[in-house]
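The figures here come from the full heavy-atom set of this structure, side chains too, leaving out hydrogens, waters and symmetry mates. Atoms within a ligand are numbered from 1 in the order they appear, just like the ligands themselves. Keep in mind that what you see is a predicted model, and the values were worked out from it rather than measured.
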Amino acid sequence: MIDVSSPGPEDSPLQVAKLATVGQQWAMEDPSVGEVVVAEEQIRRRVEDLGARITADYQGRPPLLVGVLKGAFVFMSDLARAIQLPVEFDFMAVASYGSSTRTSGVVRIVKDLDIDLAGRHVLLVEDIIDSGLTLAFLLRNLAARHPASLAVCALLAKELGSPVPELAYVGFHIPRDFVIGYGLDVGERYRNLGCVRRYGSAEVGP
Ligand code: IMP
Ligand code: MG
């Protein structure tokens, strides 16, 4: 039988740090994988922070977390466990027409929610807000379902053109470079990187 009650030498902080680096070697074989934009430890602390703020803000009205697949699944999983309230979960998936690295703003719902939003306190969980076009579509769509309140928590936000009042919680503001990791992909890969890294040459787009 394996005894998991006491930490072994492999759990020492040094060993954990080493494992974190070793765990990313597979990704570093791709020359397009660039430098760390947000480190694993920074994400962990910030998610704890956001969870504490959401816990305080939603006292007496636990939110329904709505995750936008696929990118938000890693963030939502950690965020939900940092919220000390009986939250509920639902997911939707959207596809946007456009290139693989730029959204056109024309968005189609690929998987809709199972839960009725009427009267619910909805907290939309997004991986990243780039142009904000996907978010604008989602907010219009969800608001039409008459939730009691609607707010957004995004792990990352690039420089937004105009402020979005519903964007109440943002993990990190980052430059406009294309990034991967912690749920974010390029061609469905790298979602399982623990940190956020730059991908490709700086400034992708038309
Ligand atoms: P927006 O409509 O331009 O705000 O784009 C939002 C969506 O595009 C996000 O939910 C992501 O799925 C995707 N996206 C935008 N920027 C990045 C990035 O740097 N890496 C990976 N996906 C991104
Ligand atoms: Mg997304």
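Near Val179, the atoms of ligand 1 lying under 4.0 angstrom from a non-hydrogen atom of the residue are 18 (C), 19 (O), 20 (N), 21 (C). Within ligand 1, the atoms closer than 4.0 Å to a non-hydrogen atom of Lys158 are 16 (N), 17 (C), 18 (C), 19 (O), numbered from 1 in the order shown. The ligand atoms of ligand 1 that sit less than 4.0 angstrom from a heavy atom of Thr134 are 1 (P), 2 (O), 5 (O), 6 (C). For ligand 1 and Ser131, the ligand atoms under 4.0 Å from any heavy atom of the residue are 1 (P), 2 (O), 3 (O), 4 (O). If you number the atoms of ligand 1 from 1 as listed, the ones under 4.0 Å from a heavy atom of Gly132 come out as 1 (P), 3 (O), 4 (O).
Within the structure, ligand 1 lacks Gly71 among the residues with a heavy atom less than 4.0 angstrom away. Using a 4.0 angstrom heavy-atom cutoff, Asp185 counts as in contact with ligand 1. Using a non-hydrogen distance threshold of 4.0 Å, Leu135 does not register as a contact of ligand 1.
The cationic atom of Arg61 (NZ for Lys, CZ for Arg) lies less than 6.0 Å from the six-membered ring centre of Tyr58 and within 45° of the ring axis.
Looking at residues two or more places apart in sequence or on another chain, you find a side-chain hydrogen bond (donor to acceptor under 3.5 Å, both in side chains) between Asp112 and Arg145. Scanning for side-chain hydrogen bond (donor to acceptor under 3.5 Å, both in side chains) contacts around Glu188 gives Lys70, Arg191, with sequence neighbours left out.
Using the six-membered ring where Trp is involved, Tyr190 and Tyr199 have ring planes that are tilted, between 30° and 60° apart.
Using a 4.5 Å heavy-atom threshold, the side chains of Leu138 and Met92 count as touching. Counting heavy atoms from C-beta outward, Arg176 and Asp130 have side chains that approach closer than 4.5 Å.
The residues Glu41 and Arg44 are annotated as salt-bridged, a charged nitrogen and a carboxylate oxygen being separated by less than 4.0 angstrom.
Within the 4.0 Å heavy-atom criterion, the part of Leu184 lying near ligand 1 is the side chain and not the backbone.
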